[in-house]
A.B. asks: 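I am attaching a structure below and will ask some questions about it afterwards.
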There are 2 protein chains.
Amino acid sequence: MRPTIKDVAKKANVSVATVSRVLHNQPGYSEKTRQKVLKVIEEMGYHPNAIARGLINKRTQTIGVLFPNVSSMFSSKVLRGIEHATHHRDYSVVVCNTDKDGRRTMKYLNVLWEKQVDGIIFVSERLKEEYYATLTAMNIPVVLLSTFSPEYPFPYIKVDDQQAAYDATEYLIKQGHRRIALIGGTKSDPLAGIPRVEGYRQALQNYGIPFREELITYGDFGYHSGRRAMEKLLRTAPGFTAVFAASDEMAAGALSAAYHNGIKVPDELSVIGYDDLQIAEMAIPPLTTVGQPLFEMGKWAAEMLMNMIKTGQAQSKIVPHTIVERESVRPPKTH
Amino acid sequence: MRPTIKDVAKKANVSVATVSRVLHNQPGYSEKTRQKVLKVIEEMGYHPNAIARGLINKRTQTIGVLFPNVSSMFSSKVLRGIEHATHHRDYSVVVCNTDKDGRRTMKYLNVLWEKQVDGIIFVSERLKEEYYATLTAMNIPVVLLSTFSPEYPFPYIKVDDQQAAYDATEYLIKQGHRRIALIGGTKSDPLAGIPRVEGYRQALQNYGIPFREELITYGDFGYHSGRRAMEKLLRTAPGFTAVFAASDEMAAGALSAAYHNGIKVPDELSVIGYDDLQIAEMAIPPLTTVGQPLFEMGKWAAEMLMNMIKTGQAQSKIVPHTIVERESVRPPKTH
DNA sequence: TTGTATGCGTTATCAT
DNA sequence: ATGATAACGCATACAA
């Protein structure tokens, strides 16, 4: 059996209270007993039991993080940021993969509840009413990451998607493009889907470029959908000189489709993505994209959450995006 | 305050013992009281406290997973497999990012110890003596994933790296290549580094191809190192017709270097990778590679661990690798 | 400076 | 069929 505080106390000839005191450097013992206790702790290899501690403190020093898909490049970058911040302040993180599934999400929420996590980070998903209900019932801090909820008042950290999409489109326009196709994300997604096409639409409008329905197509943010979307665009609406894809994975799919159709990027077609994932850097050609500071966003979200746990205070934050220029965009050929 | 089992008991006019019984469908109450208790539980929104439960059961239903880098494509695929298995059997997973750093690893080990996790999965890293010492002191099941330890007897799940490297090289040879370069992983890494160059060397030997030192170069498994390695190869040992990279990320780097040097893959140069990460599929051209079933490996490791927790039994496992053929390899041009 | 005792929310062992 | 109560390992208020 692992030794308990009692065993230590007995062996050191002191009370458990004293042991507890030196464990927390609280006052109330002589230097001599301190030494003795510390020595016994060392000898016995004593480690406090965080479970017992949690029971009495009502603090577990752990937070839960819900991802629609833990293994996406997006999530893993965010996770790293979260881990960075939590490790720094002695919190642990339990990861949950919701698969965007309501039942699965609810199950995880309940598990986290039962495990008494001190807070929750909810990533990239729409906050359904039932989630909100149990989240508030849990009565712990929550932060929304890369999503937000118009109806429920949880603090969030995210980019201004519409503005970012606007900027991406404008970037293309300023490079001289006028026939710009769009590969949108999930069509009905009010968070990452709709705002991005809206930003695209607005940029065109502001620059007096007619909006053409056939230049828009939708995917699900994933690689394969991007590839399919590009194939479709090529079939049904040839002649565009640039594409804005609402995610890097879709952009990578678009690149692949172009490659397989013998279309040279960026010579014959420009592509801009969204997210700045690792794939953007690794793509051929390296992908110009709208950068979100994912690592930092994860870090900030975790810090915000831990501060809320401590103080109850939080301030939502729109984080700045950037256009990271690589090699997939260039001015269209004039002829 | 969240209601406790006591509150439920009081409101239902029964004892806590009875509530506990219906909670676990143990015998010892009438159908009528069962109904009543269930109703009260529902009304009060009672959820059992897993911390208190863990204190008495000495089981937390959570495992710890240590990754050198949680956000690598490798880790995230593995993590998904782990999550899949654990979720299925009501375990939670806390993720730890070691950065391959001894101190950080030790700190996490101690945290996991204090948090009383039921088991640990140790991924892709060499098991140092001090890790082993605390791991055994913790006295809980451990499984090694994609690594193993010659000196310490923990069960493991991994691929036969040397054989896999042999097969990759042989594949290239059978396609007709004879001048085959190697981009190895960390030169001194006894787990993923050395065996892969050894397999390469052996394949050459078996097919009577002279081993040439200048065709070997080393990276650190990462993208940039692959790119640099390829640049170096191009400068110092031109004339090879194929490259075997010991990781997909390095292969992607090699692809990129080839692209920037105007070398066409696979027309002028064949490239084969290792891992079968998402990047392999997304690469241009799609990367032929040595496939490891990472999702399954994660899943199996978690299942193995949970079985060990339950029964104490485990059986190490060498998992089969495959050559997944895509478009980055073809026979060399003959002229 | 140090010790005793109580309680955190459960489960499990005894009674009844 | 049901209830009282003692643990689990720790922190802390209160005594001494």
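No hydrogens, no waters, no symmetry mates; every other heavy atom, side chains included, goes into these values. A, B, ... follow the sequence lines: proteins, then strands. Residue 1 opens every chain. All of these numbers come straight from a predicted model, not from anything done at the bench.
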A.B. asks: What is the separation between atom CD on A:Q35 and atom C1' on C:dT1, rounded to the nearest whole Å?
C.D. replies: 16 Å
A.B. asks: Rounded to the nearest angstrom, tell me the gap between atom NZ in A:K6 and atom C1' in C:dG3.
C.D. replies: 14 Å
A.B. asks: Considering only NZ, NE, NH1 and NH2 on the basic side and carboxylate oxygens on the acidic side, decide whether A:R34 and A:E31 come within less than 4.0 Å.
C.D. replies: yes
A.B. asks: In whole angstrom, give the distance that lies between atom CZ of A:R59 and atom P of C:dC8.
C.D. replies: 18 Å
A.B. asks: Whole angstrom is fine here: how far is it from CG in A:N25 over to P in C:dT1?
C.D. replies: 15 Å
A.B. asks: Would you tell me if any nitrogen or oxygen in the side chain of B:T18 comes within less than 4.0 Å of OP1 or OP2 on D:dG3?
C.D. replies: yes
A.B. asks: Side-chain atoms of residues 296-310 of chain B: list all donor-acceptor pairs with protein atoms under 3.5 Å, sequence neighbours left out, distances to 0.1 Å.
C.D. replies:
from, atom 1, to, atom 2, distance (Å)
B:N307, OD1, B:R89, NH1, 3.2
B:N307, OD1, B:R89, NH2, 3.3
B:N307, ND2, B:E303, O, 3.3

A.B. asks: Can you check nucleotides 11-15 of chain C for protein contacts, nitrogen or oxygen pairs under 3.5 Å, and list what you find?
C.D. replies:
from, atom 1, to, atom 2, distance (Å)
C:dT11, OP1, B:H24, NE2, 2.6
C:dT11, OP1, B:R53, NE, 2.7
C:dT11, OP1, B:R53, NH2, 3.2
C:dT11, OP2, B:S20, OG, 3.0

A.B. asks: Test salt bridge (charged side-chain N to carboxylate O under 4.0 Å, His left out) on A:K107 and B:D90; report intermediate values, then the result.
C.D. replies: CA-CA 10 Å; A:K107 183 173 172 199; B:D90 294 316; 3.0 Å; yes
A.B. asks: Could you tell me if B:D220 and B:T186 have a donor-acceptor pair between their side chains, going purely by distance under 3.5 Å?
C.D. replies: no
A.B. asks: So which of A:I63, A:V65, A:I140 actually passes side-chain contact (heavy atoms from CB on, under 4.5 Å) with A:I120?
C.D. replies: A:I140
A.B. asks: Respond yes when some side-chain nitrogen or oxygen of B:K58 is under 4.0 Å from OP1 or OP2 of D:dG9, and no when none is.
C.D. replies: yes
A.B. asks: Could you give the CG-to-C1' distance, from B:N49 to C:dC8, as a whole number of Å?
C.D. replies: 9 Å
A.B. asks: What's the angle between the local helix axes at either end of the helix from C:dT1-D:dA16 to C:dT16-D:dA1, using five pairs per end and rounding to 10 degrees?
C.D. replies: 50°
A.B. asks: B:K115 has an atom NZ; how far is it from atom P of D:dC8, in whole Å?
C.D. replies: 24 Å
A.B. asks: Would you say the rings of A:F67 and A:F74 are close, in the sense that their centroids are separated by under 6.0 Å?
C.D. replies: no
A.B. asks: Specify the separation, in whole Å, of atom CG of A:L55 and atom C1' of D:dT12.
C.D. replies: 14 Å
A.B. asks: Find the distance B:Q61:CD to C:dT10:P and express it as a whole number of Å.
C.D. replies: 16 Å
A.B. asks: For DNA chain D, whose closest nucleotide is more 5', that of B:T33 or that of A:P3?
C.D. replies: B:T33
A.B. asks: Heavy atoms only, 4.0 Å cut-off, all strands: where does A:D7 land among base, sugar-phosphate and nothing?
C.D. replies: nothing
A.B. asks: Indicate whether the side chain of B:R80 and that of A:N69 have a donor and an acceptor atom separated by less than 3.5 Å.
C.D. replies: yes
A.B. asks: So, is A:T4 near the phosphate of D:dC8, with a side-chain N or O under 4.0 Å from OP1 or OP2?
C.D. replies: no
A.B. asks: Going by atom types only, do B:S92 and A:K115 share a side-chain donor-acceptor pair under 3.5 Å?
C.D. replies: yes
A.B. asks: Consider side-chain contact (heavy atoms from CB on, under 4.5 Å). Of B:L112, B:V95, B:I121, which one does B:L66 pass it with?
C.D. replies: B:L112
